[in-house]
Protein chains: 2
Amino acid sequence: MAKERTPRQLARERITADLIEEGRRQLAEHGAAGLSLRSVARELGMVSSAVYRYVDSRDDLLTRLIVEAYDSLGDAVEASLESSATAAPADRWVRAAHAVRDWALERPHEYFLIFGTPVPGYAAPEATAVAGTRASLALVRIVVEASERGQVDRNPGLPTARMSEELTEDFSVLRRSIEGGDQLSDDLLLAVLVGWTQMFGLVSFEVSNQTRSVVENHRDLFDSAVRLTAAQIGLAGAN
Amino acid sequence: MAKERTPRQLARERITADLIEEGRRQLAEHGAAGLSLRSVARELGMVSSAVYRYVDSRDDLLTRLIVEAYDSLGDAVEASLESSATAAPADRWVRAAHAVRDWALERPHEYFLIFGTPVPGYAAPEATAVAGTRASLALVRIVVEASERGQVDRNPGLPTARMSEELTEDFSVLRRSIEGGDQLSDDLLLAVLVGWTQMFGLVSFEVSNQTRSVVENHRDLFDSAVRLTAAQIGLAGAN
DNA sequence: AGAAAAGCAAGAGCAGTGCTCTCGTTTTCT
DNA sequence: AGAAAACGAGAGCACTGCTCTTGCTTTTCT
């Protein structure tokens, strides 16, 4: 009564949580393709049709797991950001990148859930869209904060690339959607996007084992790579 | 008799080809998850058990499609390379990158087959490993050839990153596996790897619609991005 | 407090999947 | 010509997601 939640509502919450928990377990073990509602039900000692009281469909469960994954990754990166608040921007960038990589290597299936093949015929609902940007925004924030502190040095030797008018127009819009985005010149913004996609590209390659024949010390390669992108962005402390 | 192939062998080849062809069709339409042996059989007017005469399993069919996809991508990139033989290195890089992107946008499902979530519990067999490197090797060759012609200008302003000894050791090995690899200094090699992963990272993001809220003119962004990486590598003609 | 409504677990059942095995038939090899 | 190999069809197994009906319990409304 105190919480004005009936026992039934409470049970419902608990069971739903158990469902997702068990789903997460199976996902981590067998991957998204190996996630079966029936098997989740079995593991929880209920009959398969009963789980449909708590979850609309298999895709629904998968969607919840995707949101969880996004949040978990966001937590990891943001935690890295806080722990490095006083470090040099380049080091912050590198450490945040390692946070992403560590997270991905620890939960490859959840990483693929986010950045892998989109599931069959379904467009990620809005719920994921919001949670999905946290990790990316965190990376951008490093650059924004660095810029505010005068710790972005885009010396004339840094390479640039010409951009179409349409693209610079897109950039204006994008800039407005970023807190402190006015700190980011077109060149800088492009460099950040390039660094961002580079980082996720390398992580994806490594997690899907596509770099196995390229190099042995994947961590070292990753470290040097993101260090290089930090320098290419112009973050102070890169050398 | 002339070809010393019996009618049965001939029929076998034809049917196998039809099987793969139909598989490719279904893959393109419904994605890897929606590829069903039974439905392939149905479409070809045979009963499901009959296809097992030609294909070991669903995964076997999928593997053949993966090889096909790798080859197709390799063809596309190599064709781009030949058609740009006399162009400036930076332009060659950009054009090859666009070849990859165009290919991916045209066949998203096949792209995911290569670079997406690895299928359930199976490690890509060696057959794919060879075919899989063609596109990457083509990109590297652009840089090698540019270097041989003195068209790589790594001026002192280009950012670099420190590397561990283990990594430089890995690089020595890697270099030996690349034709003309002795043209590639450690710094250059790292820059190429970074450019390589950047490109595929951005393509992946775009194909999986992860950049939809970032920008409207994806092609322009891609163009500027790979142009920038060309400059970061030091390829002549980037500006 | 009693009746109506809503929530729930279980079971049966449907359509679909990958894959195996058997059984006649056809083709190929010796 | 006879043995051996390859083949297509069918039945069947174990599994999947999902729906519908049937009794029962809890909550809510009057």
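- If you check every strand for non-hydrogen atoms under 4.0 Å, A:L44 touches nothing.
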Report, one pair per line, the protein and nucleotides 28-30 of chain D atoms (nitrogen or oxygen only) whose separation is under 3.5 Å.
none

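- When the P atom of D:dT16 is taken as reference, atom CG of A:L61 falls 14 Å away, rounded to whole Å.
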Dump every N/O contact between nucleotides 18-21 of chain C and the protein below 3.5 Å, one line per pair.
unit_1: C:dG18; atom_1: OP1; unit_2: B:L37; atom_2: N; d: 2.7
unit_1: C:dG18; atom_1: OP2; unit_2: B:L37; atom_2: N; d: 3.3
unit_1: C:dG18; atom_1: OP2; unit_2: B:R38; atom_2: N; d: 3.0
unit_1: C:dG18; atom_1: N7; unit_2: B:R38; atom_2: NH1; d: 2.4
unit_1: C:dG18; atom_1: O6; unit_2: B:R38; atom_2: NH1; d: 2.9
unit_1: C:dC19; atom_1: OP2; unit_2: B:Y52; atom_2: OH; d: 3.1
unit_1: C:dC19; atom_1: OP2; unit_2: B:R58; atom_2: N; d: 2.7
unit_1: C:dC19; atom_1: N4; unit_2: B:R38; atom_2: NH1; d: 3.3

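- As a whole-Å value, the separation of B:M46 CE from D:dC7 C1' is 11 Å.
- Distances shorter than 4.0 Å separate none of the side-chain N or O atoms of A:Y54 from OP1 or OP2 on C:dG7.
- The salt bridge (Lys or Arg N to Asp or Glu O under 4.0 Å) search around B:D220 returns none, not counting sequence neighbours.
- In the model, B:Q198 has no side-chain atom that pairs as donor or acceptor with a side-chain atom of B:T229 under 3.5 Å.
- For B:R175, the salt bridge (Lys or Arg N to Asp or Glu O under 4.0 Å) partners are B:D186, not counting sequence neighbours.
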Residues 13-20 of chain B side chain polar contacts: donor-acceptor under 3.5 Å, at least two apart:
unit_1: B:E13; atom_1: OE1; unit_2: B:R5; atom_2: NH1; d: 2.8
unit_1: B:E13; atom_1: OE2; unit_2: B:R5; atom_2: NH1; d: 3.1
unit_1: B:T16; atom_1: OG1; unit_2: B:R12; atom_2: O; d: 2.7

Check nucleotides 21-25 of chain D for protein N or O atoms closer than 3.5 Å to its own N or O atoms and list the pairs.
none

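- As rounded to whole Å, 12 Å separates atom P of C:dT27 from atom CD1 of B:I15.
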